[in-house]
Amino acid sequence: MLIASDNAESTERCAFRPTDAMWREAVSMLCEQCRYFPGCEVIEGMIEMKDGGPWPAGGWVTDPGAGITCLSYQPRDVRTLQIDELDEALENAVEMCGGCAARKGTDASQALHTQRDFRQAVRDRGLFTCHHAGNEGKPCGGWCNAIKRQRVDV
Ligand code: SF4
C-alpha cells in the first residue's frame with residue numbers, strides 16, 4: 001500500500017509530517033505491525049509533530065519503496081516453523097514474483113519496514129508470504145530461496 005507524501009518521488013528518506021487525513025492509514029501500515037505498539041515514545045513524538053512539534057529522532061520518514069516508513073520500526077516475533085512445517089512451506093512456495101521483497105529494485109526491496117520483516121522471517125525461519133494477486137498468503141519464493149541458501153550455509 002502506497003501512502004503519498006510531500007516527497008513521494010524522492011529516494012532520500014526525509015522527515016515526514018503526517019496530515020490528519022494520513023494519520024490513521026500510517027498508523028495502520030506501520031505501527032500496528034510493530035513490536036513497540038502501543039505505548040511507543042516515537043509515536044507520541046509523531047503525534048506532537050502532527051500538531052506542529054519537531055520531528056522525533058527515529059520517527060517516520062519518506063521511503064522510496066513504501067511512501068513512508070519508521071526508522072524505529074521492529075517486526076513482531078514470528079513463529080519459528082517446525083522442520084516438517086518448513087519443508088512443506090518450501091515445497092509450496094510460489095515462484096518469486098515481479099514485486100518480491102527479495103528482488104533488487106522492487107518497491108518491497110526498498111521499503112525499510114518490509115526488509116526488516118523479510119530478514120526476520122529468514123533469520124527466525126518464520127513464514128513470509130507472497131502479496132502478489134492470486135498468490136496472497138502462499139510461501140514467498142524469495143523467502144524460500146533465502147531459507148534454502150541459509151540451510152546450505154549452516
Ligand atoms: S517504533 Fe515507529 S512503527 Fe513502531 S510503534 Fe513506534 S512509531 Fe510506530
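Computation of the quantities below employed the complete heavy-atom set of this structure, encompassing side-chain atoms and omitting hydrogens, waters and symmetry-equivalent molecules. Everything numeric here is computed off the predicted structure, so don't read it as measured data. When a ligand or atom number is given, it counts from 1 through the structure's own listing order.
For atom 4 (Fe) of ligand 1, the nearest non-hydrogen atom of the protein is C34 SG, 2.3 Å. The protein heavy-atom contact nearest to atom 6 (Fe) of ligand 1 is C40 SG, 2.3 Å.
Of the candidates C70, C31, P38, it is C70 that places a heavy atom closest to atom 2 (Fe) of ligand 1.
Within the 4.5 Å cutoff, no side-chain heavy atoms of H113 are placed close to those of C70. In this structure the side chain of L127 reaches within 4.5 angstrom of the side chain of P139, judged on heavy atoms.
For the atom pair CZ of R116 and SG of C34, the computed distance is 9.5 Å after rounding to the nearest 0.5 Å. One distance of note links NE2 of H131 with SG of C97; it measures 10.0 Å at 0.5 Å rounding.
Ligand 1 places these atoms under 4.0 Å from at least one heavy atom of S72: 1 (S). For ligand 1, the atoms sitting less than 4.0 Å from at least one non-hydrogen atom of I43 are 7 (S), numbered in the order shown with element in parentheses. Annotation for ligand 1: atoms under 4.0 Å from non-hydrogen atoms of Y36 are 1 (S). Remark: ligand 1 atoms within the under-4.0 Å shell around heavy atoms of W60 are 7 (S).
At a threshold of 4.5 Å between side-chain heavy atoms, the hydrophobic network of Ile, Leu, Val, Met, Phe, Trp and Tyr places V78 and F128 in two separate groups.
Using a cut-off of 4.0 Å between Lys/Arg side-chain N and Asp/Glu carboxylate O, K138 and E95 are scored as not salt-bridged.
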